[in-house]
**Student:** 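My questions will all concern the structure given below.
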Amino acid sequence: MRILGISGSLRRDSYNTKLLREAGRLLPPGAELVEFDGLKAVAPYDADDEASPVPPRGVFELRAAIAEADAILIATPEYNHSIPGVLKNAIDWASRPPDQPFRGKPVAMAGASMGGFGTARAQYHLRQTCVYLDMLPLNKPEVFVSAAHQKVDAEGRLTDEPSRTALRALLEALSVWTRRLRSS
Ligand SMILES: Cc1cc2nc3c(=O)[nH]c(=O)nc-3n(C[C@H](O)[C@H](O)[C@H](O)COP(=O)(O)O)c2cc1C
């Protein structure tokens, strides 16, 4: 099972990228996590560029990565109570017809912030967009890593046991959800 991992942060020391990489170490048997590292390369959305003979930068790679994945895991920061613009920009590009690759795709989400809400508000915005795009978001468990600076060590490992347990449970549930959808 190929899970495409997308971190919504471009920051070198991003807690969300670290969370995503930890997820790669906590996968259930039979699953692999492939990190999408091209978010910064995705051009700003411009409807004029859709019709241009020159493909917009980074969009082909993004759409291909989504299409090839069996499932998606998004680790999102919270910016101003929503998802970061770079993540929304990528979703907007990938959402354009024809053959929008999100349709029918199982998706799980998680997030880390230094504040007390662990990206809950951002994840609810993201969930709304996922539903509109006909993705099949996993309802539970929800993974909100608050006070992330106290839960990630100098090597970038998630050390907080309850967060690790929640993340492991999310991956297990995503795996079951993906298999169930595939067989239906
Ligand atoms: C523009 C901006 C807006 C932010 N808004 C919020 C917010 O609404 N809620 C929150 O918990 N943290 C907010 N933060 C703090 C981020 O959660 C924090 O910088 C976090 O570490 C970003 O994720 P990252 O470590 O993966 O880059 C904001 C940060 C920025 C740069």
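These figures come from a predicted structure and were not determined experimentally. Counting starts at 1 for both ligands and their atoms, in listed order.
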**Student:** If hydrogens are left out, which of Thr76, Thr119, Asn80, Asp13 has an atom nearest to atom 3 (C) of ligand 1, that is, the closest non-hydrogen atom?
**Tutor:**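 Among Thr76, Thr119, Asn80, Asp13, the closest heavy atom to atom 3 (C) of ligand 1 comes from Asn80.
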**Student:** In terms of residue, atom name and distance, what is the protein heavy atom nearest to atom 21 (O) of ligand 1?
**Tutor:** Tyr15 CD1, 3.6 Å
**Student:** Quickly, which of Asn16, Leu39, Leu87 forms a side chain to side chain contact (heavy atoms under 4.5 Å, CB included) with Ser7? Name it, please.
**Tutor:** Asn16
**Student:** Among Leu181, Val176, Leu174, which one satisfies side chain to side chain contact (heavy atoms under 4.5 Å, CB included) with Thr178?
**Tutor:**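 Going through the options one by one, the only one that passes is Leu174.
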**Student:** Checking a contact table here: which protein heavy atom is nearest atom 25 (O) of ligand 1, and how many Å away?
**Tutor:**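 Going by distance alone, atom 25 (O) of ligand 1 is nearest to Arg11 NH2, 2.8 Å.
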**Student:** Do Ser175 and Arg179 get their side chains close enough for a donor-acceptor pair, meaning under 3.5 Å?
**Tutor:**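 Checked: Ser175/Arg179 side chains pair up, N/O donor to acceptor below 3.5 Å.
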**Student:** Of the protein's non-hydrogen atoms, which lies at the shortest distance from atom 18 (C) of ligand 1, and what is that distance?
**Tutor:**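 Checked against all protein heavy atoms, atom 18 (C) of ligand 1 sits closest to Met114 CE, 4.1 Å.
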**Student:** I need the atoms of ligand 1 closer than 4.0 Å to a non-hydrogen atom of Pro77, numbered in the order shown.
**Tutor:**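 It comes down to these atoms of ligand 1: 22 (C), 23 (O), 26 (O).
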**Student:** Looking at Phe144, is its backbone amide N or carbonyl O close enough to the side chain of Gln123 to form a donor-acceptor pair, meaning the two atoms are under 3.5 Å apart?
**Tutor:**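 Not at all, since once roles are kept as given, no pair shorter than 3.5 Å links the two residues.
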**Student:** Using modelled atom types and a 3.5 Å cut-off, is there a donor and acceptor pairing between side-chain atoms of Lys105 and backbone atoms of Ile72?
**Tutor:**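 The answer is no, because no donor-acceptor pair under 3.5 Å joins these two groups.
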**Student:** Among protein heavy atoms, which sits nearest to atom 12 (N) of ligand 1, and what does the distance come to when rounded to 0.1 Å?
**Tutor:**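 Result: Glu78 O, 3.5 Å.
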**Student:** Number the atoms of ligand 1 from 1 as they appear, then name those within less than 4.0 Å of a heavy atom of Asn16, with their elements.
**Tutor:** 23 (O), 24 (P), 26 (O)
**Student:** Name the closest protein heavy atom to atom 11 (O) of ligand 1, giving the residue it belongs to and the distance to 0.1 Å.
**Tutor:**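 Sorting protein heavy atoms by distance from atom 11 (O) of ligand 1 puts Ser113 OG, 3.5 Å first.
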**Student:** Is the number of heavy atoms from other residues, nucleotides or ligands within 6.0 Å of CG (Asp37) greater than 12?
**Tutor:**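 No, not enclosed.
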**Student:** To the nearest 0.5 Å, how far apart are OG in Ser95 and CZ in Arg103?
**Tutor:**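 Result: 10.0 Å between the selected atoms.
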**Student:** How close does the nearest protein non-hydrogen atom get to atom 27 (O) of ligand 1, and which residue and atom is it?
**Tutor:**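 Checking every protein heavy atom, the shortest distance to atom 27 (O) of ligand 1 gives Ser9 OG, 2.7 Å.
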**Student:** Using heavy atoms and a threshold below 4.0 Å, how should the contact between Ser14 and ligand 1 be classified: side chain, backbone, both, or neither?
**Tutor:**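 Near ligand 1, Ser14 shows its backbone as well as its side chain.
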**Student:** Indicate yes or no: at least one non-hydrogen side-chain atom of Leu27 is less than 4.5 angstrom from one of Met1.
**Tutor:**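 No, every pair of side-chain atoms sits at 4.5 Å or beyond.
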**Student:** Can you tell me which portion of His81 lies within the under-4.0 Å heavy-atom range of ligand 1? Options are side chain, backbone, both, or neither.
**Tutor:**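 It is both backbone and side chain that touch ligand 1.
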